[in-house]
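Please read the structure below before turning to the comments.
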Amino acid sequence: MYPFIAPSLLAADFSNLARDIEMINQSEADWLHLDVMDGVFVPNISFGFPVLEHVARLCTKPLDVHLMIVNPEKFVREVKALGAMMMNVHYEACTHLNRVIYEIHEHGMKAGVTLNPSTPVGVLEDVIGDVDMVLLMTVNPGFGGQKFIEHSIEKVRKLRRLIEGTRSHALIQVDGGVNLETGKRLVEAGADVLVAGSTVFNASDPLGMIHALKEL
């Protein structure tokens, strides 16, 4: 059932991480989205592999690992060791993107490619048939709780046309400013996967919010 919902751990209460992960385990969420930030590619630092190893042991949902870092290809083995379902790298961070996609697949994971808000979808024309998912950032990456960028709706439509025109099987994921209102519009435009951080973890009823997002 669409859309898939992937709560972002970045918005969780890190003083009660086990509790929040157990909430995700008990929810209707499809994946757990993990934003790894290095303070270089994006202007923030989140968490690294020591924390992710604990998360992987606690979480029963598939792991969607989003590397907002320079040289993400250096960490394919580490992401695989987590048991991750998806390794997602930024187009802007990969000089040899096709090689990185191949290596992710060689390690038995699905390959995702992320585009920043200012990067047009056309840059993916030569790899769209090889990727399993494209993540469109609908805010500038680095911090949670930002305002949704409006032109993202049309960007989703353009990506959907590219996917259908090339007969690609790639999913469209969106991340940033996703709530019930923007989520509905994104799904109508063609998005398959909604990443939601603050909307889920700051809700008075996170389980109910995840259910509501699933119903969009």
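Just so it is clear, the structure is predicted and the values come from calculations on it, not from any experiment. Numbers for residues simply follow the sequence, beginning at 1.
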Give the minimum heavy-atom separation between Thr119 and Leu115, together with the two atoms involved.
-> CG2-CD2, 3.8 Å
What pairs of residues pass the salt bridge (Lys or Arg N to Asp or Glu O under 4.0 Å) test when at least one of them lies in residues 155-164, not counting sequence neighbours?
-> Glu154-Arg157, Glu154-Arg161, Arg160-Asp192
Applied to residues 95-133, the ring-ring contact (aromatic ring centres under 6.0 Å, His included) test, sequence neighbours excluded, yields none
May I ask you to test the Asp30-Lys61 pair for a side-chain heavy-atom distance under 4.5 Å?
-> no
pair Val193-Leu135: side-chain heavy atoms closer than 4.5 Å | no
Heavy-atom check, side chain of Leu9 versus side chain of Leu17, under 4.5 Å = yes
Point-to-point distance, once rounded to the nearest 0.5 Å, from CE of Met86 to CD of Gln173 = 7.0 Å
Side chain to side chain contact (heavy atoms under 4.5 Å, CB included) with Leu124: of Val134, Ile163, Val131, only one passes, and it is Val134
Scanning both residues in full, the closest heavy-atom pair of Val89 with Pro72 reads CG1-CB, 3.7 Å
Here the salt bridge (Lys or Arg N to Asp or Glu O under 4.0 Å) pairs for residues 176-190, sequence neighbours left out, are Glu150-Arg185, Glu181-Arg185, Lys184-Glu188
Where do Leu136 and Ser152 land on the side chain to side chain contact (heavy atoms under 4.5 Å, CB included) test, with the steps shown first?
-> CA-CA 8 Å; Leu136 297 181; Ser152 303; over 6 Å; no
Going by the ring-ring contact (aromatic ring centres under 6.0 Å, His included) test, which pairs reach into residues 165-212, not counting sequence neighbours?
-> none
Sole residue of Met87, Lys110, Met133 in side chain to side chain contact (heavy atoms under 4.5 Å, CB included) with Asp64 = Met133
Within residues 10-27 or reaching into it, pairs that qualify as salt bridge (Lys or Arg N to Asp or Glu O under 4.0 Å) - sequence neighbours excluded = Asp13-Arg19
Going by the ring-ring contact (aromatic ring centres under 6.0 Å, His included) test, which pairs reach into residues 51-93, not counting sequence neighbours?
-> His33-His66, Phe41-His90, Phe49-Phe75, His66-His90
Indicate the atoms forming the closest heavy-atom contact of Asp130 with Ile101, along with that distance.
-> O-CG2, 3.8 Å
Give the minimum heavy-atom separation between Val36 and Ile69, together with the two atoms involved.
-> O-CG2, 3.5 Å
Heavy-atom side-chain proximity of Met109 to Val76 below 4.5 angstrom = yes
Heavy-atom closest pair (Leu216 atom, Gly183 atom, distance to 0.1 Å) is CD1-C, 3.7 Å
With a 4.5 Å heavy-atom cut-off, do Pro117 and Val139 have their side chains touching?
-> no
If you take all heavy atoms of Gly176 and Thr138, which pair is closest and at what distance?
-> O-OG1, 2.6 Å
